[in-house]
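Residues: numbered from 1 along the sequence shown. This is a predicted model, so every value here is computed, not measured. First listed ligand is number 1; within each ligand, the first listed atom is number 1.
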Amino acid sequence: MDKHEVAAVLEEIATLLELQGENPFRCNAYSRAARAIGQLETSIGDVVAAGQLQEIPGIGETLRDKITTLVTTGHLPFYEDLKSKTPPGLLGMLRLPSVGPKKVKLLYDQLGIDSLEKLKAACEKGDIAGLKGFGQKTQDKILEGIAFIGQMGERVRLDQALLIAEQVLALLKKSPRIQRIALCGSVRRRRETIKDIDILVSSDAPGPIMDAFVKMPLVQKVVGHGETKSSVIVAAVDYSNTRVMMNADLRVVTDEQYPFALNYFTGSKEHNVAMRQRAIQYGLKLNEYELAGAKKPIRCKEEADLYKALDLDYVAPELRENTGEIAAAEGHQLPNLVENDDIHGVFHCHTNWSDGADTLEKMAEAARALGYQYLGIADHSQSLTVANGLTPARVKQQHKEIDALNAKFKNFRLFKGIECDILADGKMDYSDEILSSFDYVVASVHSHFNQPEAEMTQRILKAIAHPRVTMLGHATGRLLLRRDGYKVDLEAILQAAAKHGTMVEINANPYRLDLDWIHCKRAKALGVKLVINPDAHATAEIAFTRYGVDVARRGWLEKKDVFNSGTLAQVKKVLEESKK
Ligand code: DGT
Ligand code: CA
Ligand code: ZN
């Protein structure tokens, strides 16, 4: 068992204990241990073997014994026992945004509700509204949440799918006689949520590769095991130790078929249909195995050769959504897409001054380790008290600390920013004088999500027009697979951003990915500058930026469309001029 698997079990124990009504102190101990183990820099096996578990803060005798059993035997009777005592449907109910372990336990104890289906029925009868601690509002929220889960099916976030897909790929690559191998499907196109992982291999000996695939340690269940196609359910933990299960399909083709299969299984389906139609116009037949004329097949060594055979420039996978990429490829008008290496810094990061986990100094160090030239600090503003938002006095203190750090840096700079709340009436959460003390201001909505569309739009328009607002944060407030964004007229927002020269953020936090790629193209057409920000709340989350680059690429953006592709000197100049 590796550290992530151990951490996931401990995290699940914490949840199961909470569902049993255990005291919070005991539950927290497991959560804390899970986090500590997830962050170990050495292998958990080595730590256990060396008898060094108790040197990890927060791990006492009881935890030491349990972790040792788990790591050495791969099982933990205490955990299995807990699991068997808990109806599995209770864990499913935890996916609802407004429902935590305490509420789940209450629902189970008082009404015997142990599944989403039963919960839905009870809400529809109105039984939940009358329950102590619930009320009509919560009942409505629960119903909304259940409808949302039903609508999304079992999709997972891009970062979760990529993490699993990369592990599967690494395991598979050890198999003999693999000629070429690639991830296809929505993972390759970097969609924001993923249903299943599609893997393609070329080989002249598929049998052993299929065997290796179905026997991978990540596999929970074999759904199909054929000669050239197999399907399994894999499970792994994501970066926050949440357990993720998803389907993975493997197809093996000959190396000659590979470029055609790669193109077909990358999709999207709509792109495939457009490609096939184009082939027909050329008197050719295109499918997942070949491109063929009346008499003989046309050879393509690489996927790019297939596009060339149809007189098209190579279309990057992120663009294959049939939103104009074929016409652009024909007319040599495809964008030169922005890349992760083009990004020289980011502007929306939190520290332990508000709700982040790490210090200013640690955040700066982490940004430098990524090769960034600058990092913008944007902690929360005063009215967001739940996130320890900064009072004006604390703003001044933080600025002193940033000045002191900047005095030590060479070729790197911390910018003084703020994520300033846009209040319900569209006013900013600080006076103009305080706003002027920042190098830049990210304006975001964190309250009153339920305003009618017209009111919400006016509220945000007012912020965009404010001369001290540099950029709009997470434009719709959506949380992927959990909650839709607030209702807002994005066209009006983007037009106003263009008019006032206010930038719009692509929030790269994989829970958000907001602005959606579909609106990036429109923003670009209107002349809006985009800025890719991780919304990091810990050092490791600065690297979320990569998912924002994926969104930008899906939105046809080039380096010049993205503000933080600028060097330190360039962005500094723009920020200084915007304050004049
Ligand atoms: P998802 O839902 O996140 O798994 O999205 P995809 O795009 O990975 O969809 P998936 O896994 O159902 O299929 C993988 C690719 O296979 C898809 O992008 C295009 C291709 N494909 C699947 N079904 C069809 C089809 O009916 N017609 C065509 N032309 N292509 C298909
Ligand atoms: Ca797929
Ligand atoms: Zn925010």
Side-chain angles (χ1 to χ4, degrees), residues 152-158 160-162 164-165 168 182-200 229 231-232 234 246-251 253 260-280 285-289 317-322 347-350 354-356 377-381 383-384 386-389 417-422 429 441-447 449 460 463 471-481 485-486 505-509 511-512 514-515 533-537 541 544 554:
M152 289 317 298
E154 295 290 309
R155 302 186 75 84
V156 306
R157 299 190 315 266
L158 173 63
Q160 298 175 309
L162 270 172
I164 299 188
V168 171
L183 295 171
C184 307
S186 49
V187 173
R188 186 166 179 232
R189 302 196 315 280
R190 300 292 195 266
R191 255 192 86 169
E192 61 276 20
T193 64
I194 308 287
K195 182 195 70 194
D196 60 17
I197 298 170
D198 304 280
I199 302 162
L200 181 69
K229 183 183 170 202
S231 187
V232 297
V234 284
M246 63 191 306
N247 234 81
D249 294 346
L250 170 67
R251 292 178 184 81
V253 297
F260 307 104
L262 179 61
N263 193 250
Y264 181 89
F265 291 113
T266 297
S268 67
K269 198 167 152 182
E270 292 73 18
H271 179 82
N272 289 354
V273 169
M275 286 289 280
R276 196 182 314 131
Q277 275 164 357
R278 186 161 177 98
I280 290 168
K285 184 186 100 194
L286 175 65
N287 60 30
E288 61 264 55
Y289 304 114
E318 294 92 331
L319 298 180
R320 300 183 194 169
E321 298 293 343
N322 198 27
F347 287 98
H348 183 174
C349 292
H350 298 270
S354 66
D355 61 350
I377 300 300
D379 274 310
H380 287 291
S381 61
S383 75
L384 211 60
V386 286
N388 196 20
I418 191 81
E419 183 180 19
C420 185
D421 265 48
I422 305 173
D429 193 22
V441 173
V442 184
S444 302
V445 166
H446 291 125
S447 63
F449 294 131
I460 297 176
M471 53 187 82
L472 174 67
H474 43 71
T476 75
R478 76 173 178 188
L479 290 178
L480 289 168
L481 307 174
Y486 33 77
E505 170 181 272
I506 295 177
N507 191 299
N509 193 303
Y511 288 90
R512 295 186 181 271
D514 179 18
L515 200 63
N533 282 328
D535 200 349
H537 286 73
E541 298 182 359
F544 283 165
R554 286 174 64 75

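- Heavy atoms of Arg191 found under 4.0 angstrom from ligand 1: none, in either backbone or side chain.
- Sorting the N, O or S atoms of Asp196 by how far they are from the Ca ion (ligand 2) puts OD1 first.
- The protein reaches atom 5 (O) of ligand 1 closely, with a heavy atom under 4.0 angstrom from it.
- Coordination check, Asp249 versus the Ca ion (ligand 2): failed, since every N/O/S atom of the residue sits at 3.0 Å or beyond.
- For atom 9 (O) of ligand 1, the closest non-hydrogen atom on the protein side is Lys195 NZ, 4.6 Å.
- In this structure, atom 20 (C) of ligand 1 has a protein heavy-atom contact shorter than 4.0 Å.
- At least one N/O/S atom of His474, from backbone or side chain, sits under 2.8 Å from the Zn ion (ligand 3).
- Ring-plane geometry between His474 and His348 is classed as tilted, the angle between the planes lying from 30 to 60 degrees on a 0 to 90 degree scale.
- Residue-level proximity to ligand 1 for Thr266 is carried by the backbone, the only part with a heavy atom below 4.0 angstrom.
- Within the structure, ligand 1 lacks His271 among the residues with a heavy atom less than 4.0 angstrom away.
- In this structure, Lys269 counts as a contact residue of ligand 1, since one of its heavy atoms falls inside 4.0 Å of the ligand.
- Taking a 4.0 Å cut-off on heavy atoms, Ile197 fails to register as neighbouring ligand 1.
- Counting only non-hydrogen atoms, the option in Cys184, Gly185, Gly267 that gets closest to atom 18 (O) of ligand 1 is Gly267.
- The atom of Glu419 nearest to the Zn ion (ligand 3) is OE2, with the search restricted to N, O or S atoms.
- Counting only non-hydrogen atoms, the option in Asp196, Leu183, Asp249 that gets closest to atom 11 (O) of ligand 1 is Asp196.
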